[in-house]
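The structure appears right after this line, and notes come after that.
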Amino acid sequence: MALSKPLFFTYLKTLNPKPHYYSLSPSFISIRLLSFATPEEAAAERRRRKRRLRIEPPLNALRHHQQPQRRPQNPIPTSNPNAPKLPDSFGVLTGNRLKLHQRILTLIRENDLEEAALYSRHSIYSNCKPTVFTCNAVLAALLRQSKYSEFLSFHRFITQASVVPNVVTYNLLFTAYCDCKRIDSALDHYKLLINNAPFNPSPTTYRILVKGLVDNARLDRALEIKDEMLAKGLLPDPIVYNHLMLGLVKSGDSDGVLDLYNEMKEKVGFVSDGVVYGSLMKGYFQKGMEKEAMDCYNEAVGEDSKVRMSAVAYNWVLDALNKNGMFDEAKRLFDRMMEEHNPPGRMSVNLGSFNVMVNGYCAQGRLTDAIGFFKRMGEKNCSPDTLSYNYLIEQLCGNEMMAEAEELFKEMGEDMISSPDEFTYMLLVNTCLEKNRVDEASKYFAKMAETSTLRPNAFSFNKIIDALIESGKIDEAKGWFDQMVEKLKTEVASYESMLRVLCEAGKLDEALKMVGDMLMNDDLGLSSEIKEVVTDALRREGREEDLPRVIEEKEREKAEILAKKEAEEIAKNSLADNKRVNSLPSMKFSELLGKGTKDEALEVGEVNKSVSAEVLAESEAETLEVREVVPESFSAEVDVTANNIPEVIDEVGEVVNESVSAEVLANESEAEILEAREVVTETFTAEADVIANNIPEVIDGNVLVDEIQGTKTGTVE
DNA sequence: CTAGGGTTAG
């Protein structure tokens with residue numbers, strides 16, 4: 001996906017927040033009141049707090065009614081521990097934290113994202129905690145490189161480490177979810193933002209969400225979100241409207257297109273942003289009202305037009321012309337844009353302009369002209385990205401111009417921007433296969449597999465495997481099959497068909513080895529039908545006793561593994577029990593909080609922390625997990641207890657409820673959490689948090705990666 | 001000048 005550049009700009013832009021999002025004073029940050037002399041006093045404080053919450057509703061409740069431009073009123077400073085925390089203000093980005101920020105930015109610039117993320121994670125526990133701006137920079141970088149699972153893991157990490165997200169953090173998260181087509185997750189977090197965050201969504205928020213919804217055929221919801229935006233008193237954003245209008249065009253609702261345009265016009269008088277005129281033209285064209293479409297055209301680009309036409313706005317108009325048979329007019333406009341282009345002051349052409357023209361000429365079947373436009377990018381210092389290449393290569397492949405396609409392929413760069421991706425390779429592989437050039441196809445496939453970055457999906461693997469089998473290259477096919485098994489979760493059916501092929505080819509030893517692998521894999525197993533196939537093949541060579549032998553062997557191996565596992569489990573449990581016993585002082589946590597001094601409680605917290613870390617940390621990753629929840633603040637130590645040793649929840653339940661607060665609110669969470677929270681919306685105390693934290697994490701990074709890989713690589717037919 | 005480097009194509 002060619003998001004990188006625009007996203008980066010979005011980030012840069014939002015990095016400069018509007019002052020009013022951050023205008024609350026830092027002194028507002030809540031101070032936890034944790035130690036009470038007696039349980040009675042704790043209870044009294046609890047009651048007081050509930051009363052107070054009734055009198056002073058949480059900040060978000062007030063926020064709904066205020067004008068967006070107005071500074072949020074600072075209701076009651078410091079005393080409400082359940083109040084949402086405010087994100088860092090720019091003021092904190094000084095001294096060491098600024099230095100840290102710059103070092104991480106340097107790492108990002110050097111494209112050492114792994115180091116940047118790791119460094120940030122470690123700094124959380126240093127005396128120089130990264131600001132939310134630094135975290136956002138890391139998130140944005142991960143997003144730019146489509147590292148979604150790392151993105152989500154990092155995001156989860158910083159939320160659990162109580163880095164308070166700002167609107168940019170939310171926007172990055174929305175973008176990540178939308179990119180992965182997990183629009184509902186994005187909406188869940190939008191709801192969290194609306195309900196809990198001490199700031200409003202920005203126009204960018206609405207652009208991301210509306211586009212995400214439109215792209216995922218959720219026009220109705222997109223329109224609702226737009227209305228929510230208006231209800232907040234924000235002006236109609238032309239970009240949001242354009243997304244919606246394009247969505248309506250796509251679904252054939254041309255009246256809707258015109259309605260939206262008129263709605264915007266009604267609200268702002270005159271629509272000076274040219275970005276909507278292309279979709280407006282499309283609406284008229286769709287109604288067969290060519291004259292009106294061209295009136296819009298003239299309004300937008302005519303001699304004395306007052307409409308501001310950016311490159312993007314022009315591109316939409318170009319597209320509208322091209323898609324409605326007005327290529328000559330498009331060409332005239334394009335030439336004018338080229339002439340008008342005068343950077344840095346006036347930017348009227350960009351990469352998209354060329355792409356739109358390339359698309360238009362391809363649609364007419366004028367491939368050579370399309371290549372001509374493609375080559376002209378350099379004139380205006382534009383360079384094609386992967387998507388631009390892929391589009392043209394696909395068109396060329398589909399029009400018997402394989403030589404030209406391969407030429408372009410060779411041009412594709414080493415850089416992230418224009419390097420070939422899975423789609424590129426599979427285009428070439430498929431085209432070669434269609435022409436029965438199996439060896440060349442295999443060569444392209446091999447080239448893709450050699451890269452460290454590209455991950456062909458199962459569909460791609462099967463494509464080349466089947467083709468190789470069909471042309472009798474069983475060994476080569478088996479080679480790819482083995483790689484597929486190593487890299488991807490492979491379906492039983494794939495194993496079976498490969499197995500059949502091996503049997504048919506009389507490669508019995510390999511077949512038996514594969515049977516062994518299948519038996520050892522709990523997800524696979526061996527159907528009686530496939531057993532039959534193998535037995536038949538063996539019988540032909542007089543080796544029918546080999547199969548039962550292998551089966552028996554594997555059963556034994558499996559039993560051994562199982563026994564070993566059980567033994568380990570027992571050992572581990574008793575170890576854990578010991579530690580649990582050793583950590584028993586933590587059971588007195590609540591008492592200490594009630595009766596003892598804070599210092600004593602802290603001491604227990606300390607013990608507790610290290611013990612739970614020990615108990616839980618079985619791997620590096622889990623150590624990180626634990627460290628994620630190990631907080632700076634004493635109160636969150638209760639979190640560790642509550643999160644990690646469920647039994648303790650009962651013991652310290654009251655205390656937990658009182659002290660675990662909104663910091664967990666912004667947790668990586670899904671609909672359930674929202675629901676859980678709904679129950680206690682008025683006072684949103686920790687009950688919901690505890691519930692929420694016990695809900696198993698829904699996000700599974702690996703699953704996600706595969707999903708993305710699936711959607712991204714797709715199928716090239 | 002009080003926005004807008006936003007968008008499209010597999």
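Values below: every heavy atom of this structure, side chains too, minus hydrogens, waters and symmetry copies. Given the structure is predicted, the values throughout are model-derived calculations rather than measurements.
Between A:M347 and A:K211, the residue whose closest nucleotide on DNA chain B is further toward the 5' end is A:M347.
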Expected list for residues 396-410 of chain A: side-chain donor-acceptor pairs under 3.5 angstrom, two or more places apart:
unit_1	atom_1	unit_2	atom_2	d
A:N399	ND2	A:Q395	O	2.6
A:E406	OE2	A:Y444	OH	2.5

Report, one line per pair, each donor and acceptor closer than 3.5 Å where one atom sits in a side chain of residues 265-274 of chain A; sequence neighbours left out.
unit_1	atom_1	unit_2	atom_2	d
A:S272	OG	A:R308	NH1	3.2
A:D273	OD1	A:V275	N	2.9

Side-chain atoms of residues 240-247 of chain A: list all donor-acceptor pairs with protein atoms under 3.5 Å, sequence neighbours left out, distances to 0.1 Å.
unit_1	atom_1	unit_2	atom_2	d
A:Y241	OH	A:E263	OE2	2.6
A:N242	OD1	A:S279	OG	2.8
A:H243	ND1	A:I239	O	3.3

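Distance, A:D385 CG to B:dG5 C1': 15 Å, rounded to whole Å. Atom C1' of nucleotide B:dT7 and atom OH of A:Y241 are separated by 19 Å, given to the nearest angstrom. The distance between atom CZ of A:R207 and atom P of B:dA3, rounded to the nearest whole Å, is 12 Å.
A:Y389 meets the ring pair (Phe, Tyr, Trp, His ring centres under 6.0 Å) test with A:F374; sequence neighbours excluded. Scored by the ring pair (Phe, Tyr, Trp, His ring centres under 6.0 Å) test, A:W316 finds no partners at all (sequence neighbours excluded).
Base engagement by A:N350 is indicated by at least one non-hydrogen atom pair under 4.0 Å involving a base atom. Residue A:K323 is out of contact with every strand shown, counting any heavy-atom pair closer than 4.0 Å. Here A:N355 lies in heavy-atom contact (under 4.0 Å) with a base.
Contacts between residues 294-316 of chain A and DNA chain B, defined by a heavy-atom separation below 4.0 Å, involve A:S310, A:V312, A:N315, A:W316, listed by number.
A donor-acceptor contact under 3.5 Å is formed by the side chain of A:D273 with the base of B:dG6.
A:K282 has no side-chain polar atom (N or O) that falls below the 4.0 Å cut-off from OP1 or OP2 of B:dT8.
Salt bridge A:E224/A:R218: absent, no basic N to carboxylate O contact under 4.0 Å.
Ranking B:dA9, B:dG4, B:dT8 by closeness to the A:V356 side chain, first place goes to B:dT8.
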